[in-house]
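Counting convention: from 1, in listed order, for ligands and their atoms alike. For clarity, every value in this text was computed on a predicted model and none was experimentally measured. In this chain, numbering begins with 1 at the start of the sequence shown.
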Amino acid sequence: MTGIEWADFSGNQWIGCTRVAAVAGALSGCDICYAASYAEQRLGMAWGPAAPRRFVTGFGPRMARLNRLAAATGLGFSVFTLSLGDWADTDVEPAWRGRLIETIEACASLNWLLLTHRPQLAKRLLPASWRTTPPANVWPGVTIDHALHAFRWGKHADYWGHTGRAWISAEPLVGRLSGERFDGLAGIVIGGASGTRDAAFAFDSRSVLDAVDAYGEERVFFKQHGAFLDGRHVGNKKAAGRLLGARTYDNTPWPRHRAALAAARSAASPE
Ligand code: SF4
């Protein structure tokens, strides 16, 4: 399972990425990328255009096993990929992306949460058949972490809008998106930055209610305040929590089975 609350599992066909430059005047989550910190500090990897990506050989077999479990139980687990990279990274071996696509197509019982900062590359990098008939279990997400990056929605919706499954990851969000309109949005995950002391990344929790007003509560998942609460640095995302007005916002358009998985794990490892 993953610690990322809006998915059941995360997985990576490779590890590594190149930061996407922010539009002038915006901040970007790439500048405080968790995956980069994890790779550099825990895996001893370099990050960026010249840094070699690391292929994960066990990814395909693990996903195949998970797919069999999903088919046997009828639980369409949601898998976030890539959590330590970007599927549309053009500095990765094209054959590796091919392996990822093969795995997605072979694992039809899983719900695939494909997230990118680079929606303009979908047409170039994905199979031609996906343009008209992408797999029904793919949920394509685009990161919009600042209002000045809202233009990415148009590029994303241009490719995926007809599926009705396109969603936004507004995390870590800086500022508000209340002036933007994302037509056809299936869902939005909103959250603040963790792992930084830079007050410029402090989360404005009014963004959650902005989204509820604009798209309905059933489309909103509030992940976390992040390292700041009401503009004050409180240490980390656990300290700040994910309550807003004494409640959570927990809706995703894709199914999640975290409670069933936690119960199964607990039953398998009784104290
Ligand atoms: S695109 Fe994603 S994985 Fe790549 S550097 Fe930016 S935040 Fe990190």
### Message
Checking W130 against E105 for the side chain to side chain donor-acceptor pair (under 3.5 Å) test, could you report, in this order, the C-alpha distance in whole Å, the side-chain angles of both residues, the deciding distance, and whether it holds?
### Response
CA-CA 11 Å; W130 282 34; E105 292 183 335; 2.7 Å; yes
### Query
If you group Ile, Leu, Val, Met, Phe, Trp and Tyr by side-chain heavy-atom gaps below 4.5 Å, do I4 and V142 land in one group?
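Hydrophobic grouping puts I4 apart from V142.
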### ILVMFWY cluster, L115 and L125 together (side-chain gap under 4.5 Å)
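No; tracing contacts between hydrophobic side chains, which count when under 4.5 Å, never links both residues.
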Determine all donor-acceptor pairs shorter than 3.5 Å in which one atom belongs to a side chain in residues 192-201; sequence neighbours excluded.
| residue | atom | partner | partner atom | Å |
| --- | --- | --- | --- | --- |
| T196 | OG1 | D198 | N | 3.0 |
| D198 | OD1 | A200 | N | 2.9 |

### Task
Specify the protein heavy atom at minimum distance from atom 3 (S) of ligand 1: its residue, its atom name, and the distance to 0.1 Å.
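Looking only at protein heavy atoms, the one closest to atom 3 (S) of ligand 1 is G85 O, 3.6 Å.
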### Query
Around atom 6 (Fe) of ligand 1, how many protein N, O or S atoms are closer than 2.8 Å?
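Of the protein's nitrogen, oxygen and sulfur atoms, 1 lie under 2.8 Å from atom 6 (Fe) of ligand 1.
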### Message
Show me which atoms of ligand 1 lie under 4.0 Å from any heavy atom of R118.
### Response
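Near R118, the atoms of ligand 1 are 1 (S).
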### Task
List in chain and number order the residues that pass salt bridge (Lys or Arg N to Asp or Glu O under 4.0 Å) with D230, two or more places apart in sequence or in another chain; answer none if no residue qualifies.
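Residues passing salt bridge (Lys or Arg N to Asp or Glu O under 4.0 Å) with D230: none at all.
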### Task
Could you tell me whether ligand 1 has any atom less than 4.0 Å away from a heavy atom of W47?
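Yes, W47 has a heavy atom closer than 4.0 Å to ligand 1.
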#### Entry: R242/D250 salt bridge by N-O under 4.0 Å criterion
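Looking at R242 together with D250, the answer is yes, because their closest N to O distance falls below 4.0 Å.
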### Task
Scan for ring pair (Phe, Tyr, Trp, His ring centres under 6.0 Å) pairs involving residues 9-33, sequence neighbours excluded, and state none if there are none.
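Listed by first then second residue: F9-F77.
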